[in-house]
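Quick note on labels: first sequence line is chain A, next is B, and so on, each numbered from 1. Keep in mind that the numbers below use all heavy atoms, side chains included, and drop hydrogens, waters and symmetry copies. Computed from a predicted structure; not experimentally measured.
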Amino acid sequence: MAQHAARPRNTGLKDWLTTVDHKKIGILYLVAGGFFFLLGGIEAVLMRLQLMYPESNLFVGATFNELLTMHGTTMIFLAAMPIIFALMNAIVPLQIGARDVAFPFVNSLGFWLFFFGGTLLNLSWFLGGAPDAGWTAYPPLSGTTYSSTHGVSFYVLGLQIAGLGTLIGGINFLVTIINMRAPGMTFMRMPLFTWSAFITSALILFAFPAITVGLVLLMFDRIFGANFFEVANGGNVVLWQHLFWIFGHPEVYILILPAFGIISEVVATFSKKRLFGYSAMVFATIVIGFLGFMVWAHHMFTVGMGPVANALFSIATMLIAVPTGIKIFNWLLTMWGGQIRFTTANLFAVGFIPTFVIGGMTGVMLAVAPADFQYHDSYFVVAHFHYVIVGGMAFGLFSGCYYWWPKMFGKMLNETIGKWNFWLFFIGFHLTFFPQHFLGLTGMPRRVYTYMAGQGWEMGNMISTIGALVMTLGTAVFLWNAFVTSRKAEKAPADPWDARTLEWAIPSPAPEYNFAQTPRVRGLDALWVEKMAGNKGMTPAEPLGPIHMPSPSILPFLMSVGFFIAGFGFIYHQTIVSVVGLLVVFYGMFARSLFDDHGFHIEVDEIKETEKGVKL
Amino acid sequence: MIHDHGVLPAEPEKATLEGRNKVLGFWLFLGGETVLFGSLFATYLALKESFVGGPSPEELFDLKIVALATILLLTSSLTSVFGVMAMHKHNTKLMQLWFGITVILGAGFLGLEVYEFYHYYHEGHTLTSNAFGSAFYTLVGFHGGHVAFGVTWIALLQAQLAKKGLTVVTAPKFYVAALYWHFVDLVWVFIFTVVYLMGKVGA
């Protein structure tokens, strides 16, 4: 028997840099994603201030374009995705009764790649200007002719590195969910959040390589003088649009499906009812994931693909309304006749439903190809996707944060402050984006830095900016809540919401090894089944024994630094710097392969000590 | 975990949960790689006629050298299967032999590819010459990069095998490396068809 290392006792910064514990990585994702969310939010507010009055001069021209590009890119890749990964990391292994994720090391690498990719991208602000070609970076605008600064190169390399992290994170969750479920936890007993994490991870796996290729082509054009998008040398700019949206459309389902999962958990828990139509919900999630790959060209109706292609993509897009409708009705029917408790988590969930319906409805309007020629590139589109992404996903993430905060941090967020958070954010959101529908319908183009007076756009823009400030206030209230909560001494109980799923069967916060004994799952809503049978907790599926854990490692951090250095080398055409960076990466891979990690054991005494005094 | 003095199970790559996770994760990774190469193929197909006055595929390609490269790579895929079969029989010596031959054949393929690219370069077919050149070098170069990574990887595993022996830790590594190698080989079959054969007769 190979020797196991003694139990490592890292503390402070070293602990956070080397951790492979999925719960700590979840917190890292939440903090880093939250930071980028604030950055993206500030960028949005600055844009709204510029658009508050006609012909303002606060942020004009290139500066506005940089804000616009970085707002979109940051919110999608560096805020929304990581916060989803935060909740997936914190909760999915607990929901399936697993001790750990399948690849703890890869999990840590995924986080650090995202972190350094995002940092690289944002450093562009201080190094000659941020990317300014829009978050979609269409060539020829994003080519060297029209984007001659390094901005778009930062976009390309930053997203490439962050995307790699997301991809391996997706694989990690797929394997975790397939291979690591506790005895009795069949696929059709998995909580909806785990299901949505599963489908989202599959979408990540099959969508991200397309953007990887797109970014490689753009990088080769910009850095090595290739001709993919140089029309004079035989290039084709529409190629980028296809590659981008083959990734980009599944991406919106990558974002929204976990929110659907969260809403399903929260609505069921706070209605004290089993989720209505569980198997239809699972089926709808899978169908949405599948159809998500069939509709990318609805972003390109005006490119000139011809009526046949437009018609097909139009119909495929409208089809998605069917499984989405199934979900909406199932949530409503879950609440029907339930004992509804309007906690903050549930307020966000209930607020989500009508908001998302509005966003979905404008989506169907946009799916009508001939009508889309009118809506295209107008504020109507901006209103639509903010209704689904903010009104959908951001509401879902807030809901998830309030719901799982005790499981992640061991303390309950304050409900009174939470309600202020919800109402400010909810009202601010609708004030911001509802008028944008009408701005779009009356012709205001998106992505412009100003407009002339006297076109009937003053009122809408003014209300929109006020709304953005109210949303900002709502977000600040959330931060205040997190701060107040962190200072509170009172510990959260294991199951504060009287909930249904496995994560609530263990102490809050979850101990390092998650489950002292792997639980035996006897039905859907595993914990609820035991509660109804009059049991105090889960029935263990194994005797109490020492628990094997993976060792912490600095290599993921080191390899990500290597990528970060290499990224700089590529952006500034310094081959030596790139080679040095990549050598660091390869060293990390060699070291990981050569030196086996034997891990360590947590002994029975320590488990007993930790579990002492835990009450359900 | 590692049992140095235990009996190795029949399929040592799937004996532990870590091993099974690794194999499944790697299959999924190859699913992502399929989309990656699919996108590169789509790019190539979209741009293969765009040689804008440069040499056309028909003028450039020499099927004899490509056929030789194909034979080397396909054979190396077969020898890696023999390597895995030897692993299932717990025959470390034979494993080293077959994976050794795999590495040598892979290196031979790379040598031919470098020679081929050098040749094209002097005929004015480069990454920057036109969109066809960009698409060609990116697709074939990505594949070549995968071969180079695979050769290095398997060579590194050979060194580990010599040092650590065949265990439930080293076995999954060889197994997934062999999966990777088959995938790289499969991609080449498509490159040979779509790039070279269609380049010769498809114009």
Tyr138(A) atom OH, over 12 foreign heavy atoms within 6.0 Å: yes
Structural part of Lys163(B) lying under 4.5 Å from a heavy atom of chain A: neither
Glu542(A) and Thr518(A): side chain donor to acceptor below 3.5 Å: yes
Heavy-atom pair count under 4.5 Å with chain B, highest-scoring of Val216(A), Leu594(A), Leu243(A): Leu594(A)
Toward chain A, the part of Ser129(B) with a non-hydrogen atom under 4.5 Å: backbone
Proximity breakdown for Phe586(A) and chain B, heavy-atom pairs closer than 4.5 Å: side chain
Face-on cation placement of Arg181(A) at Phe187(A) ring, 6.0 Å and 45° thresholds: yes
Part of Phe220(A) lying under 4.5 Å from any heavy atom of chain B: side chain
Phe590(A) and Tyr587(A) aromatic centres sub-6.0 Å: no
Contacting moiety of Ile246(A), where chain B heavy atoms sit under 4.5 Å: neither
Largest heavy-atom contact set with chain A, pairs under 4.5 Å, which of Gly133(B), Ala135(B), Gly53(B), Gly54(B): Ala135(B)
Atom group of Phe103(A) that falls short of 4.5 Å from chain B, counting heavy atoms: side chain
Residue pair Val20(A) / Val101(A), side-chain heavy-atom distance below 4.5 Å: no
For chain B, the option from Gly234(A), Ala202(A), Gly235(A), Gly214(A) that forms the most heavy-atom pairs under 4.5 Å: Gly234(A)
Least distance between heavy atoms, Pro552(A) atom then Phe600(A) atom: CD-CE2, 4.4 Å
Pair Phe26(B) + Phe29(B): ring centers closer than 6.0 Å: yes
Ring center gap for Phe173(A) and Phe198(A) short of 6.0 angstrom: no
Pair His125(B) + Phe61(B): ring centers closer than 6.0 Å: no
4.5 Å side-chain heavy-atom contact, Glu116(B) and Asp62(B): no
Heavy-atom neighbours of Trp27(B) CH2 exceed 12 at 6.0 Å: no
Within-4.5 Å side-chain heavy-atom neighbours: Ile223(A) and Leu157(A): yes
Side chain, backbone, both or neither of Leu47(B) within contact of chain A (heavy atoms, under 4.5 Å): side chain
Contact origin within Tyr137(B) toward chain A - heavy atom pairs under 4.5 Å: neither
Residues of residues 37-44 of chain B with any heavy atom under 4.5 Å of a heavy atom in chain A: Ser39(B), Leu40(B), Thr43(B)
Between Trp296(A) and Phe313(A), ring centroids under 6.0 Å: yes
Region of Val35(B) in contact with chain A, defined by heavy-atom distances below 4.5 Å: both
Under 3.5 Å side-chain donor-acceptor pair for His146(B) and Glu33(B): yes
For chain A, which residues of residues 86-99 of chain B have heavy atoms nearer than 4.5 angstrom: none
Between CE on residue Met198(B) and OG1 on residue Thr193(B), distance to nearest 0.5 Å: 9.0 Å
Residue part contacting chain B, namely of Thr212(A), when any heavy atom lies under 4.5 Å: side chain
Identified side chain to side chain contact (heavy atoms under 4.5 Å, CB included) counterpart of His182(B) within the set Val81(B), Leu30(B), Leu78(B), Val187(B): Val81(B)
